[in-house]
Each structure stands twice: as structure tokens, then as C-alpha cells.
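Here is the naming used below: chain letters follow the sequence lines, and residue numbers restart at 1 for every chain. Excluded from the calculations below are hydrogen atoms, water molecules and symmetry mates; all remaining heavy atoms, backbone and side chain alike, are included.
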Amino acid sequence: MRALICTFGFDADKIILAMKCIKHDHLVLVTGTDNLEHDSFDRISSLCQRLRTPFEVMTTDKFDVLASMSVFQDLVGRLRSEGFVVCMDIGGGVHTLSLAALLAALNLGVETWHIDRDPVRLPVLSGVSISSRLSSEQRALLLQIGPGARMDGLRLPGNRRDAVMRVLLELKRSGMVRVESALPDASVSLTEEGVVCRQNMMRGVPKADGFTG
Amino acid sequence: MVSIMGTLGFRPDTILPTIRSTEGLQRVVVFHSDHVRSREAVSEVRDICEQMGLKFSHHEVPDAFNFMRVSKAIQNEIAAMRAAGDALQVFNVAGGTRIMSACALLVCTLEGVNCVYVHDDTLEEIPLPMLQIRYSDVLTPVQRDILRYLLEHRGEDITQKGLGLAFGLHKATVNHHIKELTARGAVHLMPSPKDSRIKLIKVEDSMELLLGRS
């Protein structure tokens, strides 16, 4: 079962083109609240009813990229937990909404299309999520770094300090953590990127896509 | 040289916060469409840069709705900047067409460049949480070679048997790699128009961007 998520503004034709180009069993439109009152929304809704395509709508603050990214990530997580293979079309709506969708797709490894004049499959590898790229040691440390975390409080299996330092350095190099004071009582915190990555880890490995890189 | 890049639409406002916020800025590069209002925006940004003593350059993208053309222009400029030893601090993706912004975000993710956008109403500059996707770690060297070969021969009818001959690989090995690339959506199989029993391997043009970094 495939779920198609589309960013939507006012143009029903783009959504209909996406519905024709991308195989799907379930359609989700993500849009701003004001877009629901537009005739083109009724057109898609009515078409889905006639096609018997299960259809749902999510609204977001379409000008807030980070809040919208979170909506997309939650949506992908929920659809995957329901057993769907998820794909996305980012060709509709305002461009902040498209950026949010693309960021979520890159972070979670979602098949992504830009359908406007021509359908373009974007080079986002399916199932290759940010969190799936981490080693088990990196994941273990990321999960321990909360508010006020200290370097000497971090642990890895086997209790080896050199392993903790090595993995912490890897995470620092990849821009996920910052070390805020000098050794030996250094405090460690997550960067924005680290927070996003941990949120993705908490959502778990995609079940439906069955591929984690 | 400390540099920033940005996509620019009709409003110079979208890139000004990044010019203000970048410490030690020396160079500004913008990508824009051939629309007259976009050219006007470029002129205004150029004037501001000249007054500030900043080096300014711009790339007019003739078809700002062509995904590959825009992406390659951005990817090539980033590569040229790096080759020249310039430090690209950040890419502002707030202006320009949706496809220009999306291309910039995608290329920056692949190239490990930080991105910001600017809120439409408040004009606040907001860093985007960019996690670099090292697809080169995900694809094996053979898979990268296969992708490159398919892109170089994209007008031709390539089968798994043909790939095996080209790379000197056993058909089972080729099948394994093609299965993995198909699962990731990098390639797809389609029946040959001449004989539907034969499956041709097709690659999306956009996958070329994955191979942009060596």
C-alpha cells in the first residue's frame, strides 16, 4: 500500500497530475488553513470520492518551515506505522511548504517528486534516513545527551572512555553535538541538527519501506 | 574569501538578512531567473554590495523551472568556489522560484553546505537543520560505477546482461546491485518495447547529482 503526500496551494491540476504520475492507494494533502476554502480543494476532494481513494488533509502554518517540517515528519512516521510505503510530491503550495517537505523527505528517506510542468524524481534515496546512517554507538550516545549532559556522564557498552571520546568526536564532526566547556567537566549538548536526528530516531526505523541503508 | 550564496526572486529583502549576519563577508553570489523583476532585484543587491565593498556575482538561470539545469548550475558553482579555496558560509534559499529553492536545498544537503531561509513576513533569518546525506557511503563503489555508466549511456537500451558484460560481473552480482538500486529508487526497470520479456534498466537524470561529489 502506497501513500502519496502532496504539498497543496491553489492548483488542483498539479495534484491531479501527481495522482496520475505516482502510483498510490491513499492521498494526503498538506496545506495552509486558508487553502481549504478554495474551489480547487473541493475539486480534488470530489475526485477522490469518485475514485474511492482514501483522502485526508493536514494543515500547517505554511510560512513556518520548521513547524511544517515537523508536521511532515510526524505524518510520514504515522503513515509508515500504519504499513504504508510513503512517497511525496513537493510541487504544489508556497515554496516554504515545499522546502519543509523536502527537508523531511531527506531526513527520513522518502521517495520524492517535484511535479509541476514535468514530473521530476528527486535524488532522494528511499529508506536512507539520517538516523539509519548512524552507528549503534552514535545512536546510543545521542540518546543520552539531554539538558545538562556532561561528558563524563556518557556511557557506552563496555564502559570504555576512549570509545566515548571517539564516538563523541564523530558526532561533533558531523555537526550533531557541541562541547561547551573545557575538559574534564565538559558539558555536551545537541545542535539543531542533533535534535532533528534524535527526533527521527525516536520515530523508529521505517517499517513499511523495509530498507534502512 | 568568506562567501555566501542565495537564490533571488523579486525581493532583495530575502537575501539582505544574510548579508548583514555573515561575519567577515567578502563575496555574494546569487542565482536568479531571467524575469525582468528578478533582474531588478539583482541590480539592487549589486548596488548594495558595491557600497559595502563586497565582490558580487550572479548566475542567470534561463529556465528557472528546469530542475536539472538549476541544480547543476548551483552544484558547479559550489565546486568552483571550493576549488578556489573560498569559504562558503551559508546558502540562503529564501528567494526565487520554488524549484530554485528546492534545488538549492537539495544540492546543499548533498554538498554539506549550511542553509538559511528568511521568513516572508518578519524577514527573520532562520537556519535550517541541515544534515549532510553522504550517499557515497550508502552506495558501494560498484553501484556508483553502475549509476555513472547508466547516466552516460542513458539513451541506450541497457539490460542486466549488458551491464554484466560491460563490468565483467556475474549476472547474479549484477542482479544483486540492481535490486538494491531499485529498492532505493535510484533506477527502475521497464519492459523493452521490442520484447516485453526483456527488462531495460533506466536511471532518472536527477541521480547525476548524487555523483557530483567524488
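- Chain B forms more heavy-atom pairs under 4.5 Å with one residue of A:Val124, A:Asp116, A:Thr191 than with any other, namely A:Val124.
- Taking every heavy atom of both residues into account, A:Ser126 and B:Ala183 meet most closely at CB-O, 3.7 Å.
- Atom CG of A:Leu99 sits about 5.5 Å away from atom CG of B:Leu105, to the nearest 0.5 Å.
- A side-chain donor-acceptor contact under 3.5 Å links A:His95 to the backbone of B:Ala94.
- Taking CG of A:Leu66 as the start and NE2 of B:His119 as the end, the distance is 10.0 Å to the nearest 0.5 Å.
- Counting heavy-atom neighbours within 6.0 Å of B:Lys171 NZ, excluding the residue itself, gives a total of 12 or less.
- Using a 4.5 Å cut-off between heavy atoms, A:Leu97 does not touch chain B at all.
- Shown here is B:Phe167, whose CZ atom has more than 12 heavy atoms of other residues, nucleotides or ligands within 6.0 Å.
- The main-chain N or O of A:Thr96 is never found under 3.5 Å from a side-chain atom of B:Tyr117 such that the two would form a donor-acceptor pair.
- The candidate from B:Asn66, B:Ile126, B:Asp121, B:Asp63 with the greatest count of non-hydrogen atom pairs under 4.5 Å with chain A is B:Asp63.
- Between atom CD1 of residue B:Ile99 and atom CG of residue A:Leu122 there is a gap of 7.5 Å, rounded to the nearest 0.5 Å.
- Both the backbone and the side chain of A:Val65 come within contact range of chain B, judged by heavy atoms closer than 4.5 Å.
- Neither the backbone nor the side chain of B:Leu181 has a heavy atom closer than 4.5 Å to any heavy atom of chain A.
- Proximity of a side-chain donor or acceptor of B:Arg98 to a complementary backbone N or O of A:Gly91 within less than 3.5 Å is detected.
- Neither the backbone nor the side chain of A:Val195 comes within contact range of chain B; no heavy atom of the residue lies under 4.5 Å from a heavy atom of that chain.
- Considering only heavy-atom pairs separated by less than 4.5 Å from chain B, the leading option among A:Ile90, A:Val94, A:Leu103 is A:Leu103.
- Summarising the geometry of A:Leu125 relative to B:Ala186, their closest heavy-atom pair is CD2-CB, 4.0 Å, with the distance given to 0.1 Å.
- Of all heavy-atom pairs spanning B:Leu106 and A:Pro123, the tightest one is CD2-CD, 3.3 Å.
- Chosen from B:Cys103, B:Ser101, B:Ala104, the residue pairing most often with chain A at heavy-atom distances under 4.5 Å is B:Ser101.
- Other residues, nucleotides and ligands contribute over 12 non-hydrogen atoms within 6.0 Å of the NZ atom of B:Lys199.
- Here the straight-line distance linking atom NE2 of A:His114 with atom CZ of B:Phe65 works out to 9.0 Å at 0.5 Å rounding.
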